[in-house]
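Computed from heavy atoms alone, side chains included, the values below leave out hydrogens, waters and symmetry copies. The structure displayed is predicted, hence computed values, not measured ones. So you know, we letter chains A, B, ... as the sequences are listed, proteins then strands, and number each from 1.
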Amino acid sequence: MTAKTVHKNLGLSEMSWRSSLGVTKTVLIARFKIVLRYKGAIVFDMILPVILAALPILLGVAIAGQAAAQNFEDATGTENYKLYMLIGASTFIVVTLMLWLVGYWIRREMETGTLESVYASPAKRVEVLSGVTLYALIRSLMAFAFAMVVGSFIFQVDLFQGEMALALAFVVIGIIPLWGISFAFGALILKVKEADSLIQVMQWVVAFFMGIFFPITVFPPFLRYVALSFPPTWMTNGVRASLLDVAYFFGTWYLDLAVLLAFAAVLPLVGYTVFLRTERRIKKNEGVGQF
Amino acid sequence: MTMSEPIIAIENISKTFTSKERGKGRKRKKKVEALKDVSLEIFDGEVFGLLGPNGAGKTTLIKCLTTLLLPTSGTAWINGFNLQKEENKVRASIGCMLMGERGLYWKLTGRENLDYFGALYYIPKNVRRERIDYLVDLLELSDFVDRTVETYSSGQKMILAFAKSLINDAPILFLDEPTVTMDVHAARNLRSIVRNLNKEGHTIIYTTHLMAEADELCDRVAIIDRGEIIALGPPSELKSSIPQESVVDVEGVIPESARNRIVEIPGIRTAVVKDETNGKTMLGIICDNSRRVLPKIIDVLVEEDAIIEYISPQEVTLEDVFIAKTGRSLSIDTREIVTPKDAGK
């Protein structure tokens with residue numbers, strides 16, 4: 001292609017892998033600076049799973065009394081219903097925070113006009129989105145770890161049982177597909193320009209299908225397949241099966257982990273592609289600044 | 001100014017928006033042509049003004065050139081890079097101030113905002129630090145740059161947004177209404193900095209509603225209306241296209257009947273309401289020879305019981321150029337239009 005204009009320098013821009021990493025790092029740090037200037041925001045994330053787990057635990061005790069553990073074991077394979085609920089609520093907070101934080105980031109940036117400023121810069125989407133999702137990841141893992149530790153004290157359960165390392169592997173690998181889902185979710189927010197109701201609905205649909213308080217085996221077959229197509233379901237069950245006497249979906253840890261790995265390999269690419277395509281479609285019409 | 005080579009070449013850019021029209025329970029898709037086949041060259045080292053009323057297509061054109069919107073058809077070359085095929089290099093070639101005081105993180109300090117956007121422009125950390133210090137001195141930001149933006153006044157946010165557009169020291173600067181909400185001193189300061197940046201070799205694309213500002217700053221201007229460029233050239237050249245002494249401004253309480261009669265006076269081309277506040281009207285009259293028609297205008301105003309507060313033949317401004325070309329006011333495009341054709345209807 002022939003340049004039809006004079007060519008001068010690129011100002012102070014120096015494109016390199018180091019400056020690309022610099023974008024991700026700067027976005028990540030800025031996100032934390034901003035959230036830390038809202039008092040209490042991070043603490044509330046950490047407390048939420050404990051409260052969420054407390055509801056069914058107390059309900060179980062109130063309804064079934066001393067028989068609660070036995071009844072629960074009949075349905076799930078473990079009598080440790082408290083840890084079962086705590087794992088469910090804590091993994092749920094990881095999933096929901098990933099969606100909330102990425103979704104709200106896009107929405108808020110649209111409203112404040114900073115999204116257009118970001119889009120006018122040469123930084124690549126993947127670099128900026130990596131910074132945002134990394135922030136969401138760290139914040140959700142902090143909430144997960146805090147809730148598990150505090151919850152274990154409150155509900156008097158022992159975290160250090162079963163295969164701890166394997167449970168962590170399920171959490172870490174399970175988060176990678178969430179990256180892709182959050183990109184796709186971000187694309188949806190970019191398109192519909194609304195976050196609140198979408199996130200409200202999504203988080204309860206997610207909570208329902210990933211079985212935060214019950215095993216998905218109680219679902220009728222169709223709903224079970226829907227739940228199994230959702231990576232957080234595998235993550236939650238993997239953590240539970242590693243720590244408690246709950247069965248893996250495929251009977252062994254490595255097959256379940258392989259499924260999660262397959263999700264991890266495919267979904268980030270799919271999510272990112274969906275994001276770029278949506279963005280292009282929007283730029284063909286009203287642009288990202290319209291809200 | 002000596003004309004050099006173009007640094008921006010726009011070729012037949014058109015932009016059509018699809019919007020939904022809602023009414024009486026039915027939604028209909030409506031196509032709006034915001035830009036119609038716009039072609040233009042902006043030369044390296046010039047201050048180029050883009051003028052036009054709201055909705056004329058200025059912002060759409062700038063958003064296309066800054067890669068925020070994809071043109072429906074046509075293309076452009078910016079700093080040697082193709083708009084659609086080398087988007088990132090185009091972005092690295094430009095600094096933008098497009099949304100006034102929006103586009104800043106309110107929970108970050110001014111310095112943190114500059115550092116953030118500096119990183120997004122791939123500026124190495126040590127260079128970034130030096131550049132921020134330089135901009136703090138240049139734009140006199142030191143009193144507030146380390147406070148969070150939420151505590152800033154509108155003018156301070158505007159000047160920070162201007163600093164943000166300079167962070168990458170790009171060869172091309174897009175400034176969209178940069179002095180809106182600034183006080184007189186800050187606006188004068190900004191114009192002086194723009195002039196210095198231009199002397200250093202930066203090409204500046206400047207949009208403004210303030211005609212005097214465009215007149216003072218710009219080497220050339222394009223007047224855009226309804227998605228088309230209707231006039232292009234140096235301000236002096238455009239103004240000389242209207243014969244001297246052909247503009248009369250009248251201010252006061254002017255009845256509609258007086259306006260209708262004025263446009264019927266031989267030698268009057270058009271009369272446009274430039275402003276209307278608190279019952280007072282500012283009427284801009286374009287005519288062949290203002291000195292000759294002035295007594296007739298006064299006669300009509302007296303006969304129609306108008307209260308005249310001010311009446312004077314004016315020097316031709318860029319707004320008069322727009323009025324002469326379109327028969328409408330540049331600053332307020334929805335204002336009443338009175339032309340000989342409409343008079344008496």
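Judged by distance alone, the side chain of B:Arg91 and the main-chain N or O of A:Tyr119 form a donor-acceptor pair under 3.5 Å. Within the 3.5 Å criterion, the main-chain N or O of A:Leu12 finds no donor-acceptor partner in the side chain of B:Asp169. Checked by atom type and distance alone, the side chain of A:Ser121 never pairs as donor or acceptor with a backbone atom of B:Tyr121 at under 3.5 Å.
Residues B:Arg128 and A:Thr26 approach most closely at NH2-OG1, 4.1 Å, considering heavy atoms. B:Cys96 approaches A:Ala120 most closely through the heavy-atom pair SG-CB, 4.2 Å.
In this structure the side chain of A:Ser117 reaches within 4.5 angstrom of the side chain of B:Lys164, judged on heavy atoms. Looking at B:Tyr105 and A:Ile34, their side chains come closer than 4.5 Å, going by heavy atoms from C-beta outward. Between A:Lys283 and B:Leu68 there is no side-chain heavy-atom pair separated by less than 4.5 Å. Two residues are said to be in side-chain contact when any heavy atoms from C-beta on lie closer than 4.5 Å; A:Arg37 and B:Leu108 meet this criterion.
For the set B:Lys15, B:His202, B:Lys89, the entry with the most heavy-atom pairs within less than 4.5 Å of chain A is B:Lys15. Of the listed residues B:Ala9, B:Pro71, B:Ser93, B:Pro124, the one with more heavy-atom pairs under 4.5 angstrom with chain A than any other is B:Pro124. With chain A as the partner, the residue from B:Ser165, B:Ala119, B:Pro6 showing the most heavy-atom pairs under 4.5 Å is B:Pro6.
Only the backbone of B:Ile8 comes within contact range of chain A, judged by heavy atoms closer than 4.5 Å. For B:Ile172, no part lies under 4.5 angstrom from a heavy atom of chain A. Proximity to chain A (any heavy atom under 4.5 Å) is restricted, for B:Leu104, to the backbone atoms N, CA, C and O. Looking at B:Phe174, neither its backbone nor its side chain comes within 4.5 Å of chain A, counting heavy atoms on both sides. Proximity to chain B involves both the backbone and the side chain of A:Ser20, based on heavy atoms less than 4.5 angstrom apart. No part of A:Lys25 comes within reach of chain B, as not one of its non-hydrogen atoms sits under 4.5 angstrom from that chain. In this structure, chain A has a heavy atom under 4.5 Å from the backbone of B:Thr16, while its side chain stays farther away. Heavy atoms closer than 4.5 Å to chain A are found in the side chain of B:Glu87, but not in its backbone. When heavy atoms are compared at a cutoff of 4.5 Å, B:Ala170 approaches chain A solely by way of its backbone atoms N, CA, C and O. Residue B:Leu98 does not touch chain A at all, counting heavy-atom pairs closer than 4.5 Å. Both the backbone and the side chain of A:Arg280 have a heavy atom closer than 4.5 Å to some heavy atom of chain B. Residue A:Val35 does not touch chain B at all, counting heavy-atom pairs closer than 4.5 Å.
Summarising the local packing, CZ of A:Arg125 is surrounded by more than 12 heavy atoms from other residues, nucleotides or ligands at distances under 6.0 Å. Atom CZ of B:Arg147 is surrounded by more than 12 heavy atoms from other residues, nucleotides or ligands within 6.0 Å. With a 6.0 Å radius and a threshold of 12 heavy atoms from other residues, nucleotides or ligands, B:Tyr134 has its OH atom at or below the threshold. Crowding of A:Arg277 atom CZ: a count of heavy atoms from other residues, nucleotides or ligands under 6.0 Å not exceeding 12.
Here NZ of A:Lys33 is found 7.0 Å from OG1 of B:Thr109. Values are rounded to the nearest 0.5 Å. Atom-to-atom distance recorded for B:Phe117:CZ and A:Thr114:OG1 is 6.5 Å, nearest 0.5 angstrom. Rounding to the nearest 0.5 angstrom, the gap separating the CZ atom in B:Arg102 from the CG atom in A:Leu115 is 10.0 Å.
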- Message: Working note: A:Glu14 + B:Ile123, criterion side-chain contact (heavy atoms from CB on, under 4.5 Å); need CA distance, chi angles, decisive distance, verdict.
- Response: CA-CA 6 Å; A:Glu14 287 178 25; B:Ile123 304 169; over 6 Å; no
- Task: Let me see the working for B:Tyr122 and A:Met15 under side-chain contact (heavy atoms from CB on, under 4.5 Å), right down to the final yes or no.
- Result: CA-CA 6 Å; B:Tyr122 299 130; A:Met15 297 184 187; 3.6 Å; yes
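Between B:Lys63 and A:Glu116 there is a salt bridge, since a side-chain N of the basic residue sits under 4.0 Å from a carboxylate O of the acidic one. A salt bridge is absent between B:Glu112 and A:Arg31: the closest approach of a Lys/Arg side-chain nitrogen to an acidic carboxylate oxygen does not fall below 4.0 angstrom.
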